[in-house]
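Throughout, a chain's letter reflects where its sequence line sits, starting with A, and its residues are numbered from 1. Values reported hereafter were calculated over all heavy atoms of this structure, with side chains retained and with hydrogens, waters and symmetry mates removed.
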2 protein chains.
Amino acid sequence: MAVTLKEVAERAGVSRSAVSRTYTDGASVSPKTRKKVEKAAKELGYSPNALASSLTTGRTKLIGLISNNFHNPLFLEVFDLFTRRLQEKGLRPLLVNLTDETDPKNSLRMLKQYSVDGVIVASSTLLPEFAKAFHDAKIPVVHSFGRFASAPDVHVVGVDNVECGRMAARTLLARGYKHIGFLGGPKGATSTIDRRAGFMEVIGQAKGIKVKVSNAAAYSFEAGRVAMLKELKASPAEAYFCGDDVMSIGALSAIDSAGLAAPDDIGIIGLNDMEMAKWENINLTTIRQPIKQIVDSSVELVMAALEDSNRHPEARLFSCQVIERGTLRPL
Amino acid sequence: MAVTLKEVAERAGVSRSAVSRTYTDGASVSPKTRKKVEKAAKELGYSPNALASSLTTGRTKLIGLISNNFHNPLFLEVFDLFTRRLQEKGLRPLLVNLTDETDPKNSLRMLKQYSVDGVIVASSTLLPEFAKAFHDAKIPVVHSFGRFASAPDVHVVGVDNVECGRMAARTLLARGYKHIGFLGGPKGATSTIDRRAGFMEVIGQAKGIKVKVSNAAAYSFEAGRVAMLKELKASPAEAYFCGDDVMSIGALSAIDSAGLAAPDDIGIIGLNDMEMAKWENINLTTIRQPIKQIVDSSVELVMAALEDSNRHPEARLFSCQVIERGTLRPL
DNA sequence: ATTCAGATTGCAACCGGTTGCAAAAATTGT
DNA sequence: ACAATTTTTGCAACCGGTTGCAATCTGAAT
């Protein structure tokens, strides 16, 4: 079917090794034979079979890109960035959708079958067991958007969610809100737990502030809307820190439905700064996660882990930044 | 590194062939040896190397999933559906991002290197040259969301955009709009060209209707907003058929910025029915593309093409449906 | 012209599997 | 118990590459 190395070798009148060497850099080939080979290859339309070579080299250049976030628009941006960056580095993403997967075993088997060189787990909600399972199978893995730990099991790159919580609280306090709300994502999500801790820490140090805490069922529009609708029934706070941007938009929609408006009646600050947040009809004040940096750093880290597979697990944290838009009262 | 077939064979006290056969269905193995092999495999944690086997079988079960739509939220849904469906069928998506690729050669080389069994091009804006290039290289390819042609070069599955245009026009006429607008996507996009043709056909048959046509620079929020802002300056139509949902949302935002509202001042009908369209604060009347069916059918078709690689190119078209929401005046 | 180091080349074995073929084993019928 | 079938098994070659090694070639130095 496809053109093979052997055919090229015959046509060029050289050995198979010679052909192989022209396509492995660092190998010793004279300019003369290289010319011959390249000529023959071009005529035949040859391109080396990466999978076959992986057999001997032990490297497929395949990276498992694993996620269960296929409903948060932020992740479209994340996939865009990951695929481009991996391509730039000569790696190929094998996309794995873990949406309704509960058993790490299955995904592990799948990844082993395709002998991926490494794995990037891109999710803030995926159970750490998954990343752990890959790690235990000696597959280099980095957990992007994962939870920070000072002594992590696996490489982690993301943001310091505790600090994000503090940042949100400070932002709300600075604007003079006295009654503020923490509207988190799903209760069990580590991101929510951490943000809440930071949030409460700062609030606790302030005086005369009333807080209320609640959780949405998911990081989604609908869950955000439902949660805010519920808030509005029982004396709502003046401003809320919402679990993420898409939840925030749900909350804004609830506010609007109730005949109220942000920031005049209720303030909202989100988290992520996804593309949509800056749409004029949304114009959401939010905390930006530097996703480009997280992605680039994840790729860099997985490559480093490829080189040295018992590299010590590392946590890389990036700082976030408040993006002022129109859903919080001005300073 | 990884456990190989040979080790399992030794441990189980059988030949390598026996092990191989236990994992290829349809092969002849006695229950007894199968037991032994499975035991040894379990103890060793063996899983067969799909890439190595692809060498002899000629099938990698890798499917190139190619797109340049990483900014339209609809495509997150599309990727979700594709990855799940492919996984269900035992295929693995190798994701390729063509965002800034102009030369089909590069992508072709990349796909050949990884000897994908087939390719799914998921994009309505990608140049047909790409799909064509893969097809010429004898790689089974289906173009999802591609342009219908009665004698297509490659397998196509999508919707009949001409009919969508007609449907939009009929919907607007039925609501009594007399001055209507076609606000298309980028001028060169075949989807826009086709929809416009259908739209104008129906309008042409109606009496006393005024039409105006314009194009946005891209299928994006910003382009939709800019285009509508421009419309609003010079006597706008009463209602518009917008290139797609995300453009529609941009247009709605422009309408809102101008102090107007839909549907009271200006009506909008979109196309796609992406998840966001039903968000309460958007509530967009739109034409639904049955993306689940398109995806499932694409996967089915690519699998069929794998079986019979000179299967005659086929176009599969699905019908769309108007989804009534709140951006068009009621009937 | 000779020597020698360094560069280039081909041979052959190997990577982790699959598969056609013939031999061996199990099953069937009588 | 024996022959005829059918099933199971292992051997060995092969898939498309890579790579250690020894042989050959090259050019510079003597």
Using a 4.0 Å heavy-atom cut-off, does [X] contact any base of the nucleic acid, only the sugar-phosphate backbone, or nothing at all?
X       : value
A:Ser53 : sugar-phosphate
A:Val19 : nothing
A:Tyr23 : nothing
B:Ser20 : base

Among the candidates [options], find the nucleotide nearest to the side-chain atoms of [X].
X       : options                : value
A:Thr4  : D:dT8, D:dG10, D:dG17  : D:dG17
B:Thr56 : C:dG10, D:dG16, C:dG17 : C:dG17
B:Ala52 : C:dT8, C:dG17, D:dG17  : C:dG17
B:Asn49 : C:dG17, C:dT8, D:dG10  : C:dG17

Tell me whether the OP1 or OP2 atom of D:dT8 has a side-chain N or O from B:Ser28 closer than 4.0 Å.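 Result: yes.
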Can you tell me if the side-chain N/O atoms of B:Tyr114 get under 4.0 Å from OP1 or OP2 in D:dG16? no
Can you tell me how far CG of B:Leu108 sits from CD of B:Gln113, rounded to the nearest 0.5 angstrom?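 Nearest 0.5 Å value for the CD-CG distance: 10.5 Å.
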Consider only side-chain N and O atoms of B:Asn68 and B:Ser123, and report whether a donor and an acceptor are under 3.5 Å apart. yes
Residues A:Tyr219 and A:Ser124: side-chain donor-acceptor under 3.5 angstrom: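 Note: A:Tyr219 and A:Ser124 side chains miss the donor-acceptor criterion.
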Expressed in angstrom and rounded to an integer, what is the separation of [X] atom [atom1] from [N] atom [atom2]?
X        : N      : atom1 : atom2 : answer
A:Asp25  : D:dT18 : CG    : C1'   : 14 Å
A:Leu5   : C:dG10 : CG    : P     : 12 Å
A:Lys6   : D:dG17 : NZ    : P     : 11 Å
B:Gln113 : D:dG16 : CD    : P     : 16 Å
A:Lys36  : C:dT8  : NZ    : C1'   : 12 Å
A:Lys61  : D:dT18 : NZ    : C1'   : 14 Å
A:Arg59  : C:dG16 : CZ    : P     : 14 Å
A:Leu51  : D:dT18 : CG    : P     : 12 Å

5'-most by nearest nucleotide on DNA chain C - B:Leu55 or B:Lys32: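 It is B:Leu55 whose nearest nucleotide is closer to the 5' end.
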Taking C-beta and beyond as the side chain, do A:Phe82 and A:Ser298 meet within less than 4.5 Å on heavy atoms?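 Yes, side chains in contact.
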Ignoring hydrogens and angles, answer whether the base of [N] and the side-chain atoms of [X] contain a donor-acceptor pair closer than 3.5 Å.
X       : N      : result
A:Ser54 : C:dC15 : no
B:Arg16 : C:dG16 : no
A:Arg21 : C:dG10 : yes
A:Ser17 : C:dC11 : yes

Pair A:Tyr46 and A:Tyr23, ring centroids less than 6.0 Å apart: yes
Side-chain (B:Arg11) to main-chain (B:Glu43) donor-acceptor, under 3.5 angstrom: no
